[in-house]
Structure formats: C-alpha cells, structure tokens
S.K.: 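Right, I'll just put the structure down here and ask away after.
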Number of protein chains: 2
Amino acid sequence: MRKPTIQDVARQAGVGVGTVSRVLNNHTAVKGLTRETVLRAIAELDYTPNPHARRIAGGKSYTISVLLPVLTTEFYARLLDGLETAFQEARYDVAIFPLLDRSRLERYLGSHTLAYQADGLVMATYNLTQMFHERRLRTQQPTVLVDAYADNVDCSFMDNVVGGQLAGEYAATFSGALYAVWVETELDQLFTTRVFEDRRAGFTQAVQDAGRCVQAEYTSSFDTLAARNTAAALLDAAQADPAGLPCTVFASADLLAGALLDEVRVRSLTPGQDVRIIGFDDQPWAASRGLTTLHQPVESMGYEAAQLLLSRLGGFKGPARARRFEPRLIIRDTA
Amino acid sequence: MRKPTIQDVARQAGVGVGTVSRVLNNHTAVKGLTRETVLRAIAELDYTPNPHARRIAGGKSYTISVLLPVLTTEFYARLLDGLETAFQEARYDVAIFPLLDRSRLERYLGSHTLAYQADGLVMATYNLTQMFHERRLRTQQPTVLVDAYADNVDCSFMDNVVGGQLAGEYAATFSGALYAVWVETELDQLFTTRVFEDRRAGFTQAVQDAGRCVQAEYTSSFDTLAARNTAAALLDAAQADPAGLPCTVFASADLLAGALLDEVRVRSLTPGQDVRIIGFDDQPWAASRGLTTLHQPVESMGYEAAQLLLSRLGGFKGPARARRFEPRLIIRDTA
DNA sequence: TTGTATGCGTTATCAA
DNA sequence: TTGATAACGCATACAA
C-alpha cells in the first residue's frame, strides 16, 4: 500500500497542504483547532513525511554529518546520544561516519556525498580540524567541534584540566604517598587528543598548589595488559618503599583504575585503605566496583555542540563560541 | 554560486535532460558521440547529481543501511570497503549504523528513518536477524546478511569451519604436542557470533581426521591481558611437560596469537621452532611479525553481499542464496 | 537514438 | 490564519 503523503493528510483533515506543512514545522501559529485536526489526521494515517521531498523542496539536506573515531565506545555512545537528541528535536538527520582508520577518512573527504549530504559537520576529534585546514578543506559547511577545542571554530569541550585539578585536590587531602598513572599519547596522529595531557596538567597543578608532590608517575598505553603491568610495577614500588603505603593513586582513565583495582585485590591489599584510587571517566562498571572517579557530562556536551551548529544553520553570524563542561568528582569506596 | 543542475548540463551539451539522465544511469545505449559530449559538459561544469532529487523522482532512496557492531575494527573496515565499493558502482549510498550498544539498536529500529532511508538492509551480525524476526520486524526491505548465515535470507559468509580445518590439517603435519586457544563466547547476546565455535569445530575435526589429538585446550576472553595470561598458562604447562616442546598451537584469533608470540619471546623460546603458532585473521601486523595465520577474503565477502542485495533490488525473486568464502592459510615464520 | 513533458512530495510564496 | 500554486532537480514514459 502506498505511503500516505502530505496531500492525503490535507484531504483527510480538510485543509490545504500548506497548513499541514506548517504544523509539521511548527511554523507561524496555526490556530489551535486546525492544528489538532491536522495532528489527528497524521496519526490516523500513520503519516511520515518523506525526507527526500523535504530536502529537495527546502534546498537543504536536513542532515548533519558526524565524523567520529571509533575508540572508547562508551564515551562515543553517550556523545552520540546527546547529539542525536538535539538534532532530532530540530528535525535533522544524523549521518555517522565512523573513522575506522585513515583510509576511511580519505574516502569520506573524497566522496562528494558530504557536499549534498550535509548542511553541517560535527567533528569529534581534535586533529580532524587540523586536517581540514591543512588540506584547504575549509569545509563549506558550518562546523562544530565536540570534545575538542580550537580557535575560530564553534566547539563544545570537556575541561579535562579542571578534571585533573579536582582529582589532584581530592588526592591531596589524603596523607601518604601520591602516585599517578598516565595514558601514553597515541602514536596515530589522526586520533591524537589532548585529553590526557590536560588531565595531567590539572592534576599536577593542584597537587603542587596543595604543597604536595607526586612520589612517582607511571605511563601505560590504553590497553588492559599494559595497564595491569603498570599497576603491578606501581604496587611493587609502593610495597617496597617503607613509606609507600597507604598511598593514593590517580589513574587518569578508568581502564587504568580498573587494572589497578584488580592488582590491589590480588595482593590482598584493601582498596580505599591501603591503596586509594581515583579514576576518570565513570565507566558503567565504576559504580558497582565502588570506584571513586570523575564523571563527565558527555551527553550535555554533545547536546550543546548540536545547539551551536543549529544556531549557525539558523543564520547566526557571530564569532566562534566555546562551551565548556566540567567533570564532577564522584566519591565512592576506593578513595 | 549555484550548483549546476541537470538542466545546465543539458544546455551546455546541447541535448535534452533525458539524455543526460540516461548517460548518468548507463541506460539504453546513448550514441557514443552524444555520450562524450554529455560527459564533457558534466566535467566542465563539475556537475554532481543531486541525490535528493534523484530519490524523489525515482521513488527510491538509493540508500542501503548497514547495521554493524563496532568491535574488531580492522575486520569491519575491510568489510565496509567491500560493501561500499559495490554499492558505489551501482550509485547507491551507504548509511552506516554503528551498533555501539543495545540502546542504539533500539534507536534505529524505533526511528522511522529506516523506512525512508533505505531500499535495503545489510546486517553484519548474526543475532540481529533473530531480533528482527522476534520483534516481527520482518523488515519490509530486502535484507542480506554478511559474515553470518541464516536460512531464508540472502547471505554472504565466511566459512570458519573450513578455516579451522585448514589450521587443523596444517597443525597435524607437525610432530609434537598440539594445543589450541579458543575465544570465550561473548556474554552479550546481541553481538554473539558463531565464528569461534565454527573455527573450533573445523580444527577439532581435522585434527581427529589426521589421527592426532589435542594435548590441551585453553579459553581466553578477547582481550590482551586475558590472552597474555592464557599464553603464559599454556607455556607453563608445555614447559613442565617433558614432551611438551616443541609444540604447535592454534590460536583462533590473531589477538591471541600475538599474545602468545610475546610470551614465547619473553621466555627465550623460538617461535616456529620450540613453539609453532598458527593464528587466524591475518591482522595488519601479522606479516611483519611473521605470523602464520588464516587470511579471510573479507572485502570479497562484503562485495558479494552487496551484489546479492542489488540483485534483489533489481527485482530478482528467487529463493534465498548463500555465498560462501573460505579463509586461506598464509604460511610465514611461526609455523 | 533523442527530446519533451509529466510526476515525485515537500517547502515557500503569494493571495485571499 | 489559511489555501492554492509554483518551484526544487531528477527519472521516466512517451513521442518524435
């Protein structure tokens, strides 16, 4: 059976197509009663507007392309949630371009689909911007950065420096040795982010300000095996040092904190007592494991990024804006 | 400046719009000369057809939705490559729906976008099909499975049983003990696949057929730390056993093989001599590390899946077809 | 083999 | 506030 069109709805409601269209788009106040009638007709016919027709008539694609690396899925799932919620509210489609690797990025940039496919671009990785600039791809479309910061571009970012500071301030309240585990900066420049550097900077600053110093710092790649080995090395050192325990460890990502928690347990040490642990990210398992960590308002960051872009699409011409979000310390059992 | 339309091209080429359209779609032989003229005009104007107009005029979306889990990115990047190549040739767009988690699946199924957005569906995970059936979502659209098999649905799949057999046959040619490491079946039912069970079945069969038996089997989750621990346990056992070395190990995924290779090196054993290793997947690093492994024609599998779907879209009405692809043993240094 | 005309389902413009 | 109607850019049936 044929899909109902706006014509069918208009007929059913006994109004003109224009009116239906206006209801659909929340246009200039359609009179309450008429609006009701139209909405009822829409419901009765189970009508869904044809997006393609809308696109050609409107001369826009009503689509936003989101370029995002596929890495720590949890984070990006939440980010997408925020983005999609906002865009759906504005009747925009979201086309996701998962950057599985560099060759796929090339593919997207090469394909002309971006030209027609998108009214705007969301880029969820810092270096992508650089790439766009380098390659003179100063994309025609309005662009917004999420979870990244750059001048002259709208962006919605997480203040990882503050996150690190919160961790540092809290860690400094505990007596005993202070340790920190950092994430090795990735080699792949495409997906490089500054988040870990930022967390480190904030933490170091806060610890210094508190007149404390870090006993030892460790670095691990973002990988369970490496994290576990690093945890073991850290605990070896702490246990060997007469003044090493109790100690407080800032693990700059929950993945690292989890590995440390495992290793602490294996050694029959008590988390939160012998070894206090502060993570970062508030992964889904963090609550059940009692991990003290920093929670990031990722959805809000995504939602706001979308709003920034939508305002550009709505004609906003002002200078680039930056929206800052702050992680929040969640105190649980481990510290 | 306005984007050129098909009208502009027709004017520039001195032909009718119909002719331009025909050239665009490789329709009924347009005379060679006319074709040339049109193509030149297209090039001169740097014309790109407006996909939205095409969609509404054609009454189709010319878009294929691809639902795929985001797991072993390497594999899916290659799979997408095969799919996109085929669909691009047929002037179909590909909309990717990365299933980061279950809630996102719900989102896709719930949103009406699939209805208009796709003429066909590619599903890259076995259980998705089940879900579609269970939820009576017997999708209106023609559907094809990739890297999965089911009755009554077109599918293009990798024969992991044969892959396991090849590994088993080759392993059986070596004297000494035989070991195997399997991947723990994932708990998340959504993304469950049968690939590891299949590899195991094939391997076991081949080893039995060769009159050999497996000394010991190990299971590991798909994770570097777990893999490394498993490798250590295996080598502990082998080294403790007077007849344990030299031995041959089938690691049913390169991730496991890599961890084993690391552990072998750490113990100053010689891969390919003390411990022969056969992996599975042929990851990008496999060649440089000399890993003997099974290579899967993933791109071809994707390409063929696309062809199956395209033939349905072209009106093919026959019964469900299944295209089978076989892994190929790549012998390098480790075995 | 090619050109012309019509239709696709919206949005936007202009009257009413 | 609403209805009628002209775009939007392409595919396709039909005519030439």
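To find a chain, count down the sequence lines: A is the first, B the second, and so on, and within it residues start at 1.
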S.K.: Determine: side-chain N/O of A/Thr19 to OP1/OP2 of D/dT2, distance under 4.0 Å, yes or no.
M.R.: no

S.K.: Hey, does the side chain of A/Thr37 reach the backbone of A/Ala13 with a donor-acceptor pair shorter than 3.5 angstrom?
M.R.: no

S.K.: Extract from the structure each pairing of a protein N or O with an N or O of nucleotides 8-11 of chain D at less than 3.5 Å, listing the distance.
M.R.:
| unit_1 | atom_1 | unit_2 | atom_2 | d |
| --- | --- | --- | --- | --- |
| D/dC8 | O2 | A/Ala57 | N | 3.3 |
| D/dC10 | OP1 | B/Tyr47 | OH | 2.7 |
| D/dC10 | OP1 | B/Asn50 | N | 2.9 |
| D/dC10 | OP2 | B/Ile6 | N | 2.3 |
| D/dA11 | OP1 | B/Asn25 | ND2 | 3.3 |
| D/dA11 | OP1 | B/Arg54 | NE | 3.3 |
| D/dA11 | OP2 | B/Ser21 | OG | 2.8 |

S.K.: Using 30° and 60° as the class boundaries, would you call the ring planes of B/Tyr149 and B/Phe157 parallel, tilted or perpendicular?
M.R.: perpendicular

S.K.: Inspect the contact between A/Asp8 and A/Arg11 and indicate whether a charged nitrogen and a carboxylate oxygen are less than 4.0 angstrom apart.
M.R.: yes

S.K.: Which of these passes side chain to side chain contact (heavy atoms under 4.5 Å, CB included) with A/Val122: A/Leu67, A/Leu308, A/Val146?
M.R.: A/Val146

S.K.: Check the distance between C/dT10's C1' and A/Lys60's NZ and give it to me in whole angstrom.
M.R.: 13 Å

S.K.: Select base, sugar-phosphate, or nothing to describe what A/Gly14 touches, counting heavy atoms under 4.0 Å on all strands.
M.R.: sugar-phosphate

S.K.: Taking the axis from the first five pairs and the axis from the last five, what angle separates them in the helix from C/dT1-D/dA16 to C/dA16-D/dT1, rounded to 10 degrees?
M.R.: 40°

S.K.: May I ask you to test the A/Arg91-A/Asn26 pair for a side-chain heavy-atom distance under 4.5 Å?
M.R.: no

S.K.: Taking only residues at least two apart or on different chains, which pairs with a member in residues 306-315 of chain B satisfy salt bridge (charged side-chain N to carboxylate O under 4.0 Å, His left out)?
M.R.: B/Asp154-B/Arg312

S.K.: For DNA chain C, whose closest nucleotide is more 5', that of A/Arg55 or that of B/Leu33?
M.R.: B/Leu33

S.K.: Could you tell me whether A/Arg324 and A/Asp159 have a side-chain N and a carboxylate O separated by less than 4.0 Å?
M.R.: yes

S.K.: Compare every heavy atom of A/Tyr62 with every heavy atom of A/Asp119, then report the nearest pair and how far apart it is.
M.R.: OD2-N, 2.7 Å

